[in-house]
Every structure is written in structure tokens, then in C-alpha cells.
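Inspection log for the structure reproduced underneath, given as C-alpha cells.
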Number of protein chains: 2
Amino acid sequence: MSQSFTEENYLKHIYKLSKRSEKGVSTNALAERLETKASSVTDMIKKLAAKKLVDYKKYQGVTLTKKGQKIAVDIIRKHRLWEVFLLEHLGFGGEEVHDVAEELEHINSETLIDRLDKFLGHPKYDPHGGPIPNSEGVFPEPKRVKLDELEVGRKTKVMGITEHSDAFLTHLKKLGLELGAEFDLKERFDFDRSVEIELNDKTIQLSHDVAKNIFVSYNS
Amino acid sequence: MSQSFTEENYLKHIYKLSKRSEKGVSTNALAERLETKASSVTDMIKKLAAKKLVDYKKYQGVTLTKKGQKIAVDIIRKHRLWEVFLLEHLGFGGEEVHDVAEELEHINSETLIDRLDKFLGHPKYDPHGGPIPNSEGVFPEPKRVKLDELEVGRKTKVMGITEHSDAFLTHLKKLGLELGAEFDLKERFDFDRSVEIELNDKTIQLSHDVAKNIFVSYNS
DNA sequence: ATACATTTTTAGACTTGTCTAAATTTCATT
DNA sequence: AATGAAATTTAGACAAGTCTAAAAATGTAT
């Protein structure tokens with residue numbers, strides 16, 4: 001079974017919108033993302049459901065099936081491999097890359113992608129730090145490190161803590177640093193090893209005592 | 001004004017069919033080439049004529065206008081540049097290349113093609129010996145010919161081959177006739193069209209079957 | 001819990017590119 | 001020049017993907 005360019009785009013965006021919300025993706029959210037109308041989205045969703053690429057109940061939003069997910073992840077793989085090529089080998093600048101990769105990602109040839117992957121040296125991350133799934137659709141393990149050892153400038157995600165006192169837990173909760181929270185490490189101050197992070201558009205200072213007890217993961 | 005994938009394909013094939021026949025391209029010839037029906041071709045031709053990309057009089061066949069020709073030549077440029085990339089950098093074999101290049105040639109980005117061209121070192125010919133037009137649509141001077149048509153006495157250089165079977169490749173390798181090898185054409189024997197060449201001070205006989213599959217280039 | 005606003009779906013229409021079947025034009029042959 | 005064959009065009013239909021406008025379902029106030 002084969003997908004059209006358009007179907008692939010729907011699957012890709014359903015995948016991306018699913019990541020943040022647990023719930024099924026709403027028709028309106030998809031319509032906005034795809035710059036189309038809600039009615040068009042409904043039509044396409046029905047078609048994808050008939051092909052067993054998404055699960056769909058009227059008015060309840062969509063989620064990808066295993067099959068749909070595999071296709072979406074494949075497209076992300078292709079997109080990111082092409083981005084590596086464009087940025088590292090053709091000398092593209094950061095912004096120019098996206099639209100072109102958007103077209104290249106729909107070229108259908110396993111051989112092409114396998115050979116491109118090899119040519120690029122089997123990269124695990126694209127130049128923006130996006131993880132590149134392998135041909136089985138498996139993403140590379142993100143790297144884990146304690147926040148007090150993380151390189152300044154990285155985007156990261158809270159993966160765990162090594163201190164479990166109530167005091168620490170409530171402190172974190174108040175800051176919004178719960179499991180899975182994503183933030184950027186902006187700066188580290190050498191004199192006390194405290195750090196400054198940006199979380200949900202807020203700038204927060206963390207002492208070394210806090211930072212050393214937080215496990216974070218990052219890509220690339 | 002922008003063309004669809006399909007329109008571009010029509011233009012490309014009209015261009016290729018025009019090359020051999022002087023006359024306008026017939027509806028049936030196009031239909032056969034595009035693996036579609038004559039009626040579909042008529043419909044599309046009317047659309048292309050409305051866009052001033054072809055000249056068309058009912059029952060008289062089509063020819064490209066200047067505008068249509070430019071688009072067709074651009075696609076050939078893209079196709080051949082991608083072929084160079086696939087064959088020389090990704091390690092594709094002779095046959096696999098075509099279908100993939102057929103898709104890649106429709107990616108629309110001047111930036112992409114300019115940078116790819118630069119990456120490849122501004123090649124003038126693809127590995128099959130096809131001349132690559134520049135971005136203005138001008139083809140390089142054709143100083144290139146198959147070995148079985150080359151004038152006796154010339155110094156030449158192997159520029160490409162048109163047969164990619166393992167048997168042929170190992171045969172050439174054994175003879176030392178690799179890409180870039182230089183030799184002189186000493187003699188041609190009319191009775192079987194075999195040729196005698198001198199390569200690295202050795203005299204070698206080549207059958208017509210071998211000679212006809214080797215592209216050579218010569219100066220002036 | 002009822003009424004209003006928002007979201008989603010349906011119904012019908014349009015475009016692109018295709019097809020089949022029938023009509024028309026051109027060509028080749030006598 | 002007439003006629004039958006081949007090539008081409010027209011007419012009408014269809015699938016994909018989109019749209020607008022209207023109907024139905026859901027969510028949210030008070």
C-alpha cells in the first residue's frame with residue numbers, strides 16, 4: 001500500500017501534534033497546521049481511517065495506528081537526513097533548509113535513503129539536534145546527564161531526580177520542574193555553580209544543590 | 001507561473017521527442033511515452049497551450065514555445081545533476097538511478113540546484129555522457145561521442161559507459177579502461193567494427209560490443 | 001440544566017488529471 | 001477522388017483533494 005504526498009503530510013503532522021497532548025489530535029489543530037479547512041481535514045481523516053492508518057471516532061479527534069506511526073516516523077527520518085545533507089554538504093543556512101527538506105522527504109526510495117544515510121555516516125541527530133530514527137523507526141537514546149554537568153545552551157528535558165525529600169519535591173513542583181518538563185540551559189555561574197534556565201518563557205535560577213540532583217536528557 | 005509535476009513531465013517528454021523529428025510531437029507518441037491515453041494527452045496539451053508553454057493546432061501535434069523549452073531544459077539539468085550525485089556520491093548502480101532521478105528532478109528550488117551543481121564541481125556531462133545544460137539552459141559543446149563512432153587517430157579519454165553489468169565493468173577494469181583513462185584510437189576493422197587502441201603503451205583490441213558502450217571525449 | 005458559542009461533520013460543488021466510448025479528421029491506397 | 005484505417009479530438013464520467021455553507025454535536029456559562 002502506498003501513500004500520496006498529501007496523505008504523508010497529514011500523517012506527519014498528526015504525529016507531531018500527538019507528541020504534546022496525549023489526547024487525539026483535533027480537526028481544527030490539524031487544519032491550522034496544514035493551512036487548510038476543517039472540512040477538508042475531516043474528509044482526509046476518513047480516508048486515512050479506511051486505510052487503517054489512523055484511529056478515528058467522530059468528534060473525538062485522531063490518533064495514529066502502528067502503521068500510520070511507522071509512515072510518519074519514516075518521513076521524519078527522511079526529512080532529517082536530508083537536512084543533514086543540505087546543511088553539512090551543500091552549505092545551506094539554517095532557515096533555507098526547511099522548505100526544501102519538506103519536498104525531499106516525500107521522495108520514495110528505500111535505496112536512496114539507505115545510501116544517503118550511509119553517505120552521511122549514519123548520523124543520529126540532525127544539525128538542530130533532532131533525533132533521527134533508524135530504518136526500523138527506532139529513535140536513538142537521548143543522552144542523560146546531571147544538570148550540573150550539562151553544556152550551556154542545550155535544550156533539555158527533566159528525566160529524573162536523585163533526591164526524594166518532600167522539601168525538594170515541593171520546591172521543584174513550585175518551579176514547574178516536573179518530570180518531562182522541557183527547558184533551555186542559559187548560563188552557569190562559576191563562583192557558586194548555580195545555573196539559569198528558561199522554562200515556559202520564564203527565567204529561573206537554580207542553585208548547584210538543586211542542579212546536581214536533576215537528571216536531564218538531551219539530543220545530539 | 002508555476003507548473004505541476006505532471007505538466008513538467010509532459011514538457012520534458014515533448015522536448016525529448018522533438019529532438020529526433022523536426023515535426024511537432026504527435027499525440028500518440030506522447031501517450032505511449034507517458035504511459036497514458038491519447039485523450040488525456042489532448043486535454044493536457046490544451047492546458048499547456050493556454051499557458052503558452054506549447055504551440056498547438058488541432059491534429060497537427062505540439063512543439064514547445066521558448067518558455068516551455070526553458071522549463072524542459074531545466075528539468076533535464078536537474079535530472080542529470082541528480083544522476084551525477086546518485087552515481088558518483090551515493091554509489092548507485094546504473095539502472096537504479098533513473099527512477100529516483102525522475103522524482104528528484106521535480107523538486108523546485110533554484111538554491112538547491114545551484115548548490116548541488118557547485119557541490120558536484122559544475123559537471124558538464126552526466127555519467128551516461130548526457131550533456132548538462134547550465135542554469136541559462138545552454139548545453140556544453142558536444143565534444144563527446146561513443147567509441148564506435150570516433151574518428152581513427154584521435155587521443156581520447158573515457159568519460160562514461162552506457163552498460164553497467166558486472167561482467168562489463170570487470171572486463172573494463174581488467175583492460176584498464178576505467179573512468180578517466182586516456183588512450184589513442186589506432187584503427188577500426190570494418191568487417192566486425194572492432195577497434196584497436198593504445199593505452200599505457202599497450203595495444204588492445206575491443207569488439208564493437210565493447211566499443212559501442214564507451215563514451216569518450218576529445219579536444220577541439 | 002438550559003442556552004449560546006465553538007468545534008466538527010455533512011452536503012454539494014469545483015479543479016486536476018485521468019479514463020472509455022463515440023465522433024471527427026487526416027492519411028494511405030487504390 | 002473515394003474509401004477504409006489510423007490518429008486525434010470531444011463528450012461525459014470518475015477519483016483525489018479542496019472549498020463554502022449549513023447542520024449536528026460538544027463544551028461552557030450562568
Side-chain angles (χ1 to χ4, degrees), chain A residues 1-14 17-18 20-64 68 71-72 75 102-103 105-106 108, chain B residues 1-14 17-18 20-64 68 71-72 75 102-103 105-106 108:
Chain A
M1 194 162 299
S2 163
Q3 291 69 48
S4 71
F5 186 108
T6 311
E7 288 171 337
E8 287 182 354
N9 254 326
Y10 271 84
L11 294 173
K12 180 179 75 169
H13 283 106
I14 293 168
L17 289 169
S18 302
R20 286 271 177 193
S21 61
E22 288 298 313
K23 293 277 169 191
V25 175
S26 79
T27 303
N28 265 3
L30 255 177
E32 192 183 342
R33 194 61 106 74
L34 292 160
E35 296 181 308
T36 183
K37 301 295 175 188
S39 54
S40 308
V41 171
T42 302
D43 288 347
M44 179 55 84
I45 286 171
K46 284 193 213 160
K47 200 203 296 190
L48 294 174
K51 287 188 170 191
K52 310 271 189 204
L53 299 175
V54 300
D55 288 320
Y56 170 60
K57 292 232 173 77
K58 275 189 194 176
Y59 298 100
Q60 303 312 133
V62 258
T63 51
L64 295 176
I71 294 166
I75 291 165
E102 206 87 343
E103 293 201 51
E105 74 191 9
H106 298 289
N108 279 314
Chain B
M1 193 160 300
S2 162
Q3 290 71 48
S4 70
F5 186 107
T6 311
E7 288 171 337
E8 288 183 354
N9 255 326
Y10 272 85
L11 295 173
K12 181 179 75 170
H13 284 107
I14 292 167
L17 289 169
S18 301
R20 285 274 176 193
S21 61
E22 288 299 314
K23 292 277 167 189
V25 174
S26 80
T27 303
N28 265 3
L30 255 177
E32 191 183 345
R33 194 59 108 75
L34 291 160
E35 295 181 307
T36 185
K37 301 295 173 189
S39 55
S40 309
V41 171
T42 302
D43 288 346
M44 178 56 84
I45 285 172
K46 285 193 212 159
K47 199 204 296 190
L48 294 174
K51 288 188 168 189
K52 311 268 190 205
L53 299 175
V54 300
D55 289 320
Y56 169 60
K57 292 233 172 78
K58 275 189 195 179
Y59 298 98
Q60 303 313 133
V62 257
T63 51
L64 295 175
I71 293 166
I75 291 165
E102 205 87 343
E103 294 201 49
E105 74 191 8
H106 298 288
N108 279 314

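If you're wondering where the values come from, they're calculated on a predicted model, not measured in any experiment. Naming: A, B, ... by sequence-line order, numbering from 1 per chain.
To the nearest angstrom, P of C/dT8 lies 14 Å from NZ of A/Lys23. In this structure, the CG atom of A/Leu34 is 10 Å from the P atom of D/dC19, given to the nearest Å. Spacing between atom CD of B/Gln3 and atom P of C/dT16 amounts to 13 Å, rounded to whole angstrom units. Residue A/Tyr10 contributes atom OH, which lies 14 Å from atom P of D/dA16 at whole-angstrom precision. The CG-C1' distance, from B/Leu30 to C/dT18, rounds to 15 Å in whole Å.
Looking at residues two or more places apart in sequence or on another chain, you find a side-chain contact (heavy atoms from CB on, under 4.5 Å) between A/Lys37 and A/Ser39, A/Ser40. Evaluation of the side-chain contact (heavy atoms from CB on, under 4.5 Å) rule for A/Lys52 yields A/Lys67 as partners, not counting sequence neighbours. Partners of A/Asn108 under the side-chain hydrogen bond (donor to acceptor under 3.5 Å, both in side chains) rule, at least two apart in sequence or in another chain, are A/Lys78. Partners of A/His13 under the ring-ring contact (aromatic ring centres under 6.0 Å, His included) rule, at least two apart in sequence or in another chain, do not exist in this structure. For B/Tyr59, the ring-ring contact (aromatic ring centres under 6.0 Å, His included) test picks out no residue, with sequence neighbours left out.
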Base, backbone or nothing for each nucleotide of nucleotides 7-13 of chain D, written B, S, -, heavy atoms under 4.0 angstrom, 5' to 3'? SBBB---
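Using a 4.0 Å heavy-atom cutoff across all strands shown, A/Phe5 reaches no nucleic acid atom at all.
If you take CG on B/Asp55 and CG on B/Leu48, they are separated by 11.5 Å, rounding to the nearest 0.5 Å.
Side-chain nitrogen and oxygen atoms of A/Ser40 include at least one within less than 4.0 Å of the OP1 or OP2 phosphate oxygen of D/dC19.
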